[in-house]
Every structure is written in C-alpha cells, then in structure tokens.
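These figures come from a predicted structure and were not determined experimentally.
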Amino acid sequence: MNVRRSAAVLAATVAIGTATPAVAASPSPSPSLPSGLYGSSDPTYDGVWRQSLALIALYRVHAEPAAATVDWLAGQQCESGAFPAFRANPAKACDAKLMVDTNSTAAAAQALSAVGGHGTAVTKAVTWLKSVQNKDGGWGYTPGGASDANSTSVVIGALMTQHTPVSTIRNGAKSPYDALLKLSLPCADGGAFAYQPDKNGKLTANADATAAAVVGALGQGMVSVKAGDKKNAACTDAARPTPEDAAANGSAYLAKAVAKDGHLTSALPGSENQPDYGNTADAVVALAAQGGTAAATGPLRWLERNSAKWAEQNGPAAYAQLILAAEAGGADPSDFGGTDLVKQLTATGPAPVTASQDDSGTSVWWMVGAGLAAGAGIGFLLSSRNKRKQP
C-alpha cells in the first residue's frame with residue numbers, strides 16, 4: 001500500500017513538475033517533525049497515508065494508539081472534507097494551492113472511522129469523495145483525474161464506512177464497480193486489472209492494481225477486509241462479468257504470479273528484478289479476501305522469512321502493511337518471523353498512554369484520579385482516555 005501510494009504520488013507530481021524524494025525511515029520521530037506523527041521521514045508526500053495505515057493496522061490487532069496520533073490525522077482535514085498528503089500548518093485554512101487527493105482522503109476516512117469518535121469528519125470526507133466521482137464511476141488520484149484501479153478501490157473502502165451499498169454510489173448510471181470492471185483484463189491477458197488505460201486506451205496487467213482491485217471488487221476495505229471462502233480457481237471469462245468474477249480472475253492472476261518464488265517482483269529502470277515486499281503484502285490480503293487464509297500461505301510465509309529488513313528501512317507504512325497481511329492471512333503480527341510488528345510500529349510514534357496495574361488489579365492511575373476528584377470535585381479527571389467508539 002505504501003508502494004501504491006508512491007506510484008500515485010509520482011504520477012501526480014510528474015504532472016506538476018515536482019520530483020518525489022526517496023523515503024527513509026528511522027525508529028522514532030524527529031523533534032523537527034509534527035508531534036503525533038508516525039515515522040521520522042519527510043511527510044510531504046505520504047504523511048496522511050502512512051498515519052492512516054498505521055492507525056488502521058493497530059485497530060485490526062486491537063491495539064490502542066496514542067491519542068496524539070489520532071489528533072494529528074484529524075487535524076489534517078480541510079474544511080471541504082478532503083485531505084492533502086500533508087498539511088504543514090493545520091491552523092491555516094486550506095487554499096487552492098494545497099493539493100488534496102482521493103487516496104489520502106479515503107485512507108484517512110477509514111482510519112478515523114476505525115478509531116471512532118470522528119463521525120462528522122468521516123462523513124465530510126466521504127461526501128467530498130462522492131462529489132469528485134468520475135462519470136465512469138471511479139476515481140483518479142487527483143479530483144478529475146482519469147480513474148485508476150488503486151484510487152477507486154481505496155475509495156470503496158471509505159464508502160463502506162457509511163453503511164451504504166457501494167453499488168448505489170453513482171455518477172449517472174455508473175458505479176465504482178463499473179469503473180473496476182472496465183479496468184479488468186480478459187483471461188487471454190491473465191485476468192488481472194490494469195492501473196488505468198495508457199494513452200492509446202490499452203490495458204496492461206499490473207500486480208499492484210490487481211491486489212487493490214480484488215479487495216475493492218469484493219466490496220471490502222482496509223478496515224473491513226476479511227478472509228473469504230471462494231477458491232482461487234483458474235481465470236474464467238464470463239459473457240457479462242460481475243465484480244465478483246473480476247475479483248476471482250484477479251486473485252487467480254496473483255496466485256500464479258507468486259507461485260514460483262513466493263513473492264511479487266518489481267523492476268526499476270536500469271536495475272535487475274527484485275522482490276516487491278509491499279505489493280506482496282497487498283497480494284496476501286487480496287488472496288485471503290478471495291480464497292481464505294490457505295490461499296495466502298505461500299507469500300505470507302515468504303514475508304515472514306524475508307521482510308524484516310525491508311520494514312525496518314521503510315518505517316510505519318511498511319509495518320502496517322505487514323500487520324494487515326499477517327492479520328488477513330491468519331499469522332500472528334506479534335511474532336511475525338520473530339518480529340513483533342505491533343511493537344515496531346508503535347515505536348515509530350508517540351507511545352500509547354496505558355494505565356499500570358498494582359497487585360490487586362486496580363489501576364494506579366484510577367486511584368490517583370479518584371483522589372484528585374475527591375479533593376477538587378472534578379469528576380471528569382477520572383477518565384484518562386476516551387474509549388473507542390464507532391462513528
């Protein structure tokens with residue numbers, strides 16, 4: 001997912017003549033970076049995205065994030081409901097110069113929905129996403145940009161926070177599923193999804209887009225994805241394919257792609273092919289969403305053996321991707337190839353505030369709060385943290 005984010009940002013920044021910097025990671029945030037942000041690398045191009053993934057991953061494993069991390073994300077939202085990749089000065093109103101995008105907005109909507117207590121912000125984000133839906137039913141990275149499989153799929157996850165059937169979210173006659181079906185390839189071309197048509201309208205199989213679109217076509221999102229019970233069978237063309245047909249074909253493509261080496265492969269210009277850890281993690285989620293945990297066993301085991309160094313180098317979004325893959329694939333995120341992914345992720349941001357326990361099982365902080373309340377008559381001090389609520 002962080003790889004997907006980088007590709008989308010690169011495409012957008014190339015269009016406006018700005019280069020995307022390399023992303024580096026370190027164990028804890030730098031003092032010069034915003035308080036509450038996960039990771040210490042420059043957040044200009046991925047701040048909201050990586051924060052959202054981190055919060056979603058922690059939610060999936062029932063881990064409580066620090067309140068500051070949620071506040072930071074919520075503070076990035078513009079009055080319109082949209083989110084930029086990063087907003088350096090949240091106190092300053094968003095203006096036309098600040099580029100907002102569908103990926104940041106959709107990911108943030110899912111994250112804030114998961115942590116709870118931000119129902120209004122989530123609704124505003126989804127309302128904005130609906131307002132920029134393309135005529136083909138999908139979304140591009142930037143408002144009005146050509147629809148792509150990745151953006152459309154992450155927006156589907158956001159739409160689901162409103163408990164409204166995705167098929168009913170339409171621009172004219174077209175729904176998000178129509179946009180994904182338009183980007184699905186026939187079995188002669190592998191049954192994958194394309195990212196988007198090239199300038200000649202040709203579709204080319206893209207593993208990253210396929211991993212995203214399988215989950216989207218199944219009507220799931222990062223917060224809600226769950227193991228499916230459908231076999232990852234061979235690709236089958238249908239006269240009038242449904243989103244489920246396209247998801248099955250995409251899953252079959254991914255299963256074939258990881259069968260030999262256990263991972264997906266990326267090729268950078270001028271370099272040899274190399275393992276693609278991020279997209280392999282996404283493929284695990286897609287394979288599990290379609291065919292259950294058994295369908296994702298091969299690539300999941302490969303990640304357990306090989307991903308530790310990659311995650312350490314790439315920081316919170318990478319740890320979040322691995323947590324989502326482990327959780328979807330039936331592995332233990334706290335012992336993933338010997339690595340506690342949850343511990344590593346939380347170490348990249350402010351530590352959650354937890355109440356210690358004495359031998360009798362009574363919270364020390366509860367007793368301190370009770371004493372203060374008794375002396376001052378301020379009952380609200382008894383609550384050191386708000387409990388998670390669903391919007």
Side-chain angles (χ1 to χ4, degrees), residues 1-10 12-13 19-61 63-77 83-90 101 103-112 114-115 154 222-223 276-279 281-282 303 307-327 333-334 336 339-353:
M1 295 176 203
N2 65 327
V3 178
R4 177 190 317 163
R5 170 68 171 176
S6 299
V9 170
L10 180 59
T13 53
T20 303
V23 175
S26 66
S28 60
S30 164
S32 63
L33 292 177
S35 175
L37 178 66
Y38 284 105
S40 62
S41 62
D42 183 356
T44 300
Y45 299 98
D46 78 332
V48 167
W49 180 261
R50 77 187 189 213
Q51 193 84 349
S52 299
L53 260 63
L55 294 176
I56 291 169
L58 292 175
Y59 168 81
R60 294 284 302 189
V61 295
E64 185 82 10
T69 63
V70 180
D71 293 341
W72 183 89
L73 180 61
Q76 291 287 296
Q77 189 173 33
F83 282 77
F86 173 66
R87 188 177 172 193
N89 184 7
D101 68 86
N103 288 227
S104 297
T105 303
Q110 293 182 69
L112 293 175
V115 300
V154 73
M222 290 185 282
V223 174
D276 191 328
Y277 299 91
N279 286 339
D282 288 350
L303 286 170
S307 64
K309 185 176 180 180
W310 168 78
E312 183 179 1
Q313 292 174 338
N314 287 275
Y319 285 122
Q321 281 184 277
L322 292 177
I323 289 172
L324 292 173
E327 202 276 336
S334 66
F336 193 73
T339 298
D340 186 337
L341 298 173
V342 179
K343 182 179 180 180
Q344 294 296 325
L345 172 57
T346 55
T348 69
V353 178

Exercise. Could you go through the side-chain contact (heavy atoms from CB on, under 4.5 Å) check for Val48 and Gln77 one step at a time?
Key: CA-CA 9 Å; Val48 167; Gln77 189 173 33; over 6 Å; no
**Request:** Report the C-alpha separation of Trp310 and Leu322 in whole Å, then their side-chain angles, then the decisive distance to 0.1 Å, and conclude whether the side-chain contact (heavy atoms from CB on, under 4.5 Å) test is met.
**Result:** CA-CA 10 Å; Trp310 168 78; Leu322 292 177; 3.9 Å; yes
Would you check if the side chain of Gln321 reaches a backbone N or O of Tyr277 as a donor-acceptor pair within less than 3.5 Å?
no
Measure from the side-chain N and O atoms of Ser104 to the backbone N and O of Asp101, and report whether any donor-acceptor pair falls under 3.5 Å. no
What verdict does the side-chain contact (heavy atoms from CB on, under 4.5 Å) test give for Leu303 and Phe336, after you've listed the backbone C-alpha separation in whole Å, the side-chain angles of each residue and the deciding distance to 0.1 Å? CA-CA 9 Å; Leu303 286 170; Phe336 193 73; 3.9 Å; yes
Taking every heavy atom of Gly47 against every heavy atom of Leu37, the minimum-distance pair comes out as O-CD1, 4.1 Å
Do Asp46 side-chain atoms and Trp49 backbone N/O form a donor-acceptor pair below 3.5 Å? no
One should read off an interatomic distance between Leu55 CG and Leu73 CG, to the nearest 0.5 angstrom, of 6.0 Å
Practice prompt. State whether the side chain of Gln110 and the backbone N or O of Met222 hold a donor-acceptor pair below 3.5 Å, judged by distance alone.
Written response: yes
dist Leu58:CG -> Thr346:OG1 (nearest 0.5 Å) comes out at 7.0 Å
With sequence neighbours left out, the residues meeting side chain to side chain donor-acceptor pair (under 3.5 Å) with Ser35 are none
Heavy-atom nearest pair, Ala281 first then Ala325, reads O-CB, 3.7 Å
When every non-hydrogen atom of Leu345 is compared with those of Ala57, the smallest separation belongs to CD2-CB, 4.2 Å
Here the pair of heavy atoms bringing Ala111 nearest to Ile56 is CA-CG1, 3.7 Å
Would a distance-only check, ignoring hydrogens and angles, find a side-chain to backbone donor-acceptor pair under 3.5 Å from Gln76 to Phe83? no
Note: Ala311 and Ala318 closest approach over all heavy atoms is CA-CB, 3.8 Å
For Glu312, is there any backbone N or O sitting under 3.5 Å from a side-chain donor or acceptor partner on Gln344?
no
Rounded to the nearest 0.5 angstrom, the CG-CZ distance for Leu324 and Arg60 is 7.0 Å
Tightest non-hydrogen contact, residues Ala68 and Pro350, listed as CB-CG, 4.4 Å
> Just by distance, do the side chain of Arg50 and the backbone of Tyr38 share a donor-acceptor pair under 3.5 Å?
Replying inline: yes
Distance col, row Leu33:CG vs Trp72:CH2, nearest 0.5 angstrom, shows 10.0 Å
